[in-house]
Amino acid sequence: QVQLVESGGGLVQAGGSLRLSCAASGRTFSSYVMGWFRQTQGKEREFVVAASRTGDIKLYADSVKGRFTISRDNAKNTVYLQMNSLKPDDTAVYYCAARTQPSVVTGGYDYWGQGTQVTVSS
């Protein structure tokens, strides 16, 4: 089992940048596919991006491709989400998630963090 704690959310103007971090407990972080999701009130949780166990395979939602970048540091048990050129539509609670199966996909994640709020003002 793994526990996930997100940080780095906040308020930013449109066009700005934020970097989210997700720290994982345990010694098996490198065995998980890691993903980021987001959710706005009244909507379903939406896949944003995922990275393979080694970080060499990445899958991005079309809505963030070219603006967001996922990276991971297995030595630090941390996954990051660099968000650039932010838009008001990116406003959401962002969740970090871990998947025990090795495929990099948009669903089927087993563990979730508590979320961090990102607000982009126009």
Side-chain angles (χ1 to χ4, degrees):
Q1 191 165 353
V2 62
Q3 292 185 328
L4 305 172
V5 179
E6 302 95 335
S7 61
L11 174 65
V12 64
Q13 288 188 333
S17 299
L18 277 177
R19 188 175 83 153
L20 306 183
S21 299
C22 173
S25 65
R27 295 178 292 177
T28 59
F29 177 73
S30 61
S31 68
Y32 295 101
V33 168
M34 297 301 299
W36 287 94
F37 292 74
R38 65 188 182 186
Q39 188 171 24
T40 55
Q41 196 167 10
K43 294 186 178 180
E44 292 188 357
R45 194 170 295 183
E46 173 191 22
F47 171 79
V48 176
V49 61
S52 62
R53 292 168 171 174
T54 58
D56 58 337
I57 299 172
K58 300 173 184 180
L59 177 65
Y60 290 90
D62 288 343
S63 58
V64 305
K65 204 171 291 183
R67 301 188 299 121
F68 290 12
T69 302
I70 188 172
S71 61
R72 63 188 296 167
D73 186 337
N74 287 345
K76 294 183 178 180
N77 284 8
T78 302
V79 62
Y80 304 96
L81 180 63
Q82 178 66 44
M83 304 186 294
N84 298 329
S85 302
L86 282 161
K87 305 173 182 180
D89 283 350
D90 295 318
T91 295
V93 177
Y94 283 72
Y95 297 90
C96 172
R99 172 177 161 83
T100 54
Q101 295 299 313
S103 52
V104 182
V105 293
T106 62
Y109 286 73
D110 304 292
Y111 304 102
W112 296 84
Q114 83 290 348
T116 185
Q117 176 71 46
V118 171
T119 303
V120 184
S121 63
S122 57

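Computed from a predicted model, the values in this text were never measured in an experiment.
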*Residues in salt bridge (charged side-chain N to carboxylate O under 4.0 Å, His left out) with Asp56, at least two apart?*
none
*Quick one: list whatever passes salt bridge (charged side-chain N to carboxylate O under 4.0 Å, His left out) with Lys43, sequence neighbours left out.*
none
*So how far is it from Thr106 OG1 to Phe37 CZ, rounded to the nearest 0.5 Å?*
7.0 Å
*Without swapping roles, check the side chain of Lys58 against the backbone of Ile70 for a donor-acceptor pair under 3.5 Å.*
yes
*Can you hop from Tyr111 to Met34 via hydrophobic side chains spaced under 4.5 Å?*
yes
*asked:* Assess, by modelled atom type and distance only, whether the side chains of Arg99 and Tyr109 contain a donor and an acceptor separated by less than 3.5 Å.
replied: no
*Contact check, side chains of Thr40 and Thr91, non-hydrogen atoms, under 4.5 Å*: no
*Tyr80 six-ring face occupied by Arg72 cation (under 6.0 Å, within 45°)*: no
*Give, for atom CD of Gln39 and atom CD of Glu44, the distance between the pair rounded to the nearest 0.5 Å.*
8.5 Å
_ILVMFWY network linking Leu59 to Trp112, side-chain heavy atoms under 4.5 angstrom_ = yes
_Pairwise side-chain contact, Met83 with Tyr94, heavy-atom cut-off 4.5 Å (strictly under)_ = yes
*Taking all non-hydrogen atoms of both residues, which atom of Val2 and which atom of Ala98 are closest, and how far apart?*
CG1-CB, 4.0 Å
*Minimum heavy-atom separation for Pro88 to Ser122, with atom names?*
CG-CB, 3.9 Å
*asked:* If you compare all heavy atoms of Leu4 against all heavy atoms of Cys22, which two are closest, and at what distance to 0.1 Å?
replied: CB-SG, 3.9 Å
_Check whether Ser30 reaches the backbone of Thr28 with its side chain - one donor and one acceptor, N or O, closer than 3.5 Å._
no
*Determine, step by step, whether Ser63 and Arg67 satisfy the side chain to side chain donor-acceptor pair (under 3.5 Å) criterion, reporting the C-alpha distance in whole Å, the side-chain angles of both residues, the deciding distance to 0.1 Å, and the verdict.*
CA-CA 9 Å; Ser63 58; Arg67 301 188 299 121; 5.6 Å; no
*asked:* Within this structure, what is the OG-CD distance for the pair Ser71 and Gln82, rounded to the nearest 0.5 Å?
replied: 8.0 Å
_Do Val12 and Thr119 have side chains that approach each other closer than 4.5 Å (heavy atoms only, starting at C-beta)?_
no
_Minimal non-hydrogen separation, Val33 against Ser52, with atom names_ = CG2-CA, 4.3 Å
_Validation row: Lys76, Phe29 side chains within 4.5 angstrom (heavy atoms)_ = no
*For the hydrophobic clusters of this structure (ILVMFWY residues joined by side-chain heavy atoms under 4.5 Å, transitively), does one cluster hold both Leu18 and Val120?*
yes
*Salt-bridge criterion met for Lys87 and Asp90 (N-O under 4.0 Å)*: no
_Cluster overlap Val104 with Phe47, hydrophobic side-chain contacts below 4.5 Å_ = yes
*asked:* Would Asp73 and Thr78 count as a side chain to side chain donor-acceptor pair (under 3.5 Å) here? Give the steps.
replied: CA-CA 5 Å; Asp73 186 337; Thr78 302; over 6 Å; no
*Hey, what do you get for CD (Gln1) to OG1 (Thr100), rounding to the nearest 0.5 Å?*
11.5 Å
*Do the ring centers of Phe68 and Trp36 come within less than 6.0 Å of each other?*
no
*Where is the tightest heavy-atom contact between Glu6 and Tyr95, given as atom of each residue plus distance?*
OE2-CA, 3.3 Å
*asked:* Ignoring hydrogens and geometry beyond distance, is a side-chain donor-acceptor pair present between Ser17 and Asn84 at under 3.5 Å?
replied: yes
_Reported OH-to-CG distance for the pair Tyr32 and Asn77, which is rounded to 0.5 angstrom_ = 10.5 Å
*Nearest 0.5 Å please: distance from the SG atom of Cys96 over to the CD atom of Gln114.*
9.0 Å
